[in-house]
Amino acid sequence: MITPIRKEGYELFQQGLLEFAQLEVNGIRIDLPLLESTKARLEKQIRTLHDELQEDKVWRLWRREFGDKAKLTSHRQLADILFHKLGFEAKSQTESGQDSADDEALQKIDHPFVQKLSRFYRYSKALGTFLKGIEREIAPDGRLHPSFLLHTARSFRSSSAEPNFQNFPVRDKEISEIIRSLVIASPKSVLVENDFKGIEVALSAAYHKDPNFISYITTPGKDMHRDMAAQIYLLKPKEVDKDIRYGAKNRFVFPQFYGDYYLSCAQALWEWIDKGKLLGPDGKSLFRHLKRQGITGLGACDPDESPEEGTFEAHLQEVENDFWNNRFRVYGKWKRTWYDLYMERGYFDLLTGFRVEGFYNRKQVCNYPIQGSAFHCLLWSLIRINRLLRKYSLRSKVVGQIHDSLLGDVRIREIRDYLEIVEQVTTVDLRKHYDWLIVPPEIEYEIAPPGKSWFAKREIVFKNGIFTHPTNPKKLTDDPIRFAEALRNI
DNA sequence: AAACAGTGCGCG
DNA sequence: AAAGCGCGCACTGTTT
């Protein structure tokens, strides 16, 4: 049960709904000829893979087992073939205790049929969910009009449907190119994406106010992911490279913030040494370095046994303990008292003007305020940006929203005006409005060159009306048309 | 035919 | 004490 406890929360959602409706009306332009050709190409690739798979002897076994009911797309059948007929060892189970045949499991099986099947599933997902979803939902104006909703997410964020615009592929570069290349700008326009930088981290700080945490975020040169990487992999901070830092950030720090625990982190971080091809200070495998530091192996990672000394899992237990009780002890204490207060009162309040009542577990109680009000910063900004776009009669439109980012379909002549509005609202007005935002919000700028798709977006730097290259501090230009031309060369 | 549970996978 | 949080959508296989 969500209730706005203050007029502010009520107005945020009421006005937010109106602006979401505006986004839905604006719609996202789709490259229709490319959609048709991409679909045909992908269908052919999938057919080929399907035919090749059906020539494999594993498929003959599969047919023998399931007869006419045999289907390459049945994970239930696949699990039976892999783990009961072919004798591969199942390494993970589903929630109901069945052997899991998801991609993580498939990647652990070194077999040509299984690896081809994994590719078949990847392409099938791109076609079935995304290409067909886009095709089905395209309106007569050649645009997608996804719905953006405020009444479905339990965490007080938004959701998107018909199609879900918030899960278009981005991490898998090959699939991302297939799908995001279809999203294009209107005539005389470019696509502009603005992401809040670390807005959930900023909200987290606003709730717990941990001084060390805040110092990490606001002090130039300080870097919590680098320091955690050093502690986790027993390195000096300056020995931490990009890949090592990436692993610490995404396999320890963020999972810990959301309530993960050392055993699952230890396994993920250990696996990353191999996957990320991590190297120690001597340029040889990081495994070797850890061994020299007295870490003999990962450990059994059995939740019922306490970790054996000298294992990576034992080390991670110490790292986790230090993380919550020393490094970020104020944050750790906030988690405990925040939950205790909820248990006592039966509700918790968000900084953005909502009261949350009902049954929630410890993690939900600690995560919802952060996730929810981080999104509310985006929502508040959207309302304000749309009003200013109308006030100045600009023809540029916001066309999509993904929790902490906005997608604009921006007239080339208006690029500078649009970005100035975004900058003013997200970094100045927002901070003034939510005075509890003790970490100043920052916004990032990505633009697709004229004539290019969403996939081709490039990061640029924009400050005080001037566009610059992200690495080369040389001023690009302050003229939007010349700037748009210059974008082609970034 | 429609509804449902289970599994899997895309995103922040 | 338990062991990341939040969404929407496709597909299988069963039940209504």
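Owing to the predicted nature of the structure, the values given are computational and were not obtained by experimental measurement. Residue numbers begin at 1 in each chain, while the letters A, B, ... track the order of the sequences.
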So, using ring pair (Phe, Tyr, Trp, His ring centres under 6.0 Å) as the criterion, who are the partners of A/Phe462 when residues are at least two apart?
A/Tyr445, A/Phe467
Please work out if A/Phe375 contacts a base, only the sugar-phosphate, or nothing of the nucleic acid, heavy-atom cut-off 4.0 Å.
nothing
Note: chain A reaches DNA chain C at heavy-atom distances under 4.0 Å over the stretch, first to last nt, 5' to 3', of C/dA3 to C/dG13
Where DNA chain C forms stems, i.e. three or more consecutive Watson-Crick or G-U pairs with both distances under 3.5 Å
B:1-12 with C:5-16
With heavy atoms under 4.0 Å as the rule, sort A/Ser405 into base, sugar-phosphate or nothing.
nothing
Begin from the C-alpha positions of A/Tyr331 and A/Phe213 and carry the test ring pair (Phe, Tyr, Trp, His ring centres under 6.0 Å) through to its verdict.
CA-CA 8 Å; A/Tyr331 189 175; A/Phe213 189 98; 5.5 Å; yes
By ring pair (Phe, Tyr, Trp, His ring centres under 6.0 Å), A/Tyr246 pairs with (sequence neighbours left out) A/Trp272
Does anything in residues 192-205 of chain A come within less than 4.0 Å of DNA chain C? Heavy atoms only, and list the residues if so.
none
Hey, can you tell me if A/Phe165 and A/Phe148 have their rings parallel, tilted or perpendicular (30° and 60° cut-offs)?
perpendicular
Going by the rule ring pair (Phe, Tyr, Trp, His ring centres under 6.0 Å), which residues pair with A/His50 if we only count those two or more places apart in sequence or in a different chain?
A/Phe120
So what does A/Lys363 hit on the nucleic acid, given a heavy-atom distance under 4.0 Å: a base, only sugar-phosphate, or nothing?
sugar-phosphate
Looking for any heavy atom pair under 4.0 Å, which part of the strands does A/Pro169 touch: base, sugar-phosphate only, or nothing?
sugar-phosphate
Under a 4.0 Å heavy-atom cutoff, the residues of residues 98-114 of chain A touching DNA chain B are A/Gln98, A/Ser100, A/Ala101, A/Asp102, A/Asp103
Could you grab the distance from atom SG of A/Cys366 to atom NE2 of A/His208, nearest 0.5 Å is fine?
10.5 Å
Just to be sure I understand the rule, does A/Lys71 reach a base, reach only the sugar-phosphate, or reach nothing, if contact means heavy atoms closer than 4.0 Å?
sugar-phosphate
A/Ile138 CD1 to A/Arg143 CZ distance, which is reported to the nearest 0.5 Å
11.0 Å
With salt bridge (charged side-chain N to carboxylate O under 4.0 Å, His left out) as the test, would you mind laying out the steps for A/Asp409 and A/Lys397 before giving the verdict?
CA-CA 5 Å; A/Asp409 191 351; A/Lys397 312 262 188 221; over 6 Å; no
Heavy atoms under 4.0 Å, any strand shown: does A/Asn367 hit a base, just sugar-phosphate, or nothing?
sugar-phosphate
Select base, sugar-phosphate, or nothing to describe what A/Thr152 touches, counting heavy atoms under 4.0 Å on all strands.
sugar-phosphate
Evaluate the side chain to side chain donor-acceptor pair (under 3.5 Å) criterion for residues A/Asp172 and A/Ser176: first the C-alpha distance (whole Å), next the side-chain angles of each, then the deciding distance (0.1 Å), finally the verdict.
CA-CA 6 Å; A/Asp172 180 333; A/Ser176 173; over 6 Å; no
Go through residues 135-143 of chain A and report each residue with a non-hydrogen atom lying under 4.0 Å from DNA chain C, sorted by number.
A/Arg136
Run the numbers on A/Gln166 and A/Ser158 for side chain to side chain donor-acceptor pair (under 3.5 Å), then give the verdict.
CA-CA 10 Å; A/Gln166 296 177 325; A/Ser158 65; 3.2 Å; yes
Boundaries of the chain A footprint along DNA chain B (any atom under 4.0 Å from a heavy atom)
B/dG6 to B/dG12
Contact class for A/Ile402 vs. all strands (heavy atom < 4.0 Å): base, sugar-phosphate, or nothing?
sugar-phosphate
Which pairs with one or both residues in residues 36-48 of chain A pass side-chain hydrogen bond (donor to acceptor under 3.5 Å, both in side chains), sequence neighbours excluded?
A/Lys39-A/Glu135
Taking atom types as modelled, is there a side-chain donor on A/Glu200 or A/Gln371 under 3.5 Å from an acceptor on the other?
no
Strictly by modelled atom types, are A/Tyr368 and A/Arg157 linked by a side-chain donor-acceptor pair under 3.5 Å?
no
Where does the angle between the aromatic ring planes of A/Phe168 and A/Trp454 fall among parallel (under 30°), tilted (30 to 60°) and perpendicular (over 60°)?
tilted
Just to verify, what does A/Asn167 make a side-chain contact (heavy atoms from CB on, under 4.5 Å) with, not counting sequence neighbours?
A/Phe130, A/Asn164
Students often get this wrong, so: under 4.0 angstrom with heavy atoms, is A/Phe257 touching a base, only sugar-phosphate, or nothing?
nothing
Ring pair (Phe, Tyr, Trp, His ring centres under 6.0 Å) with A/Tyr121: which residues, sequence neighbours excluded?
A/His75
Please round to the nearest 0.5 Å and tell me the distance separating atom CD of A/Gln93 and atom CZ of A/Phe83.
8.5 Å
Given 3.5 Å as the limit, does a donor-acceptor pair link the side chain of A/Ser74 with the main chain of A/Lys71, or not?
no
Kindly say whether A/His225 contributes a backbone atom to a donor-acceptor pair with the side chain of A/Arg245 at under 3.5 angstrom?
no
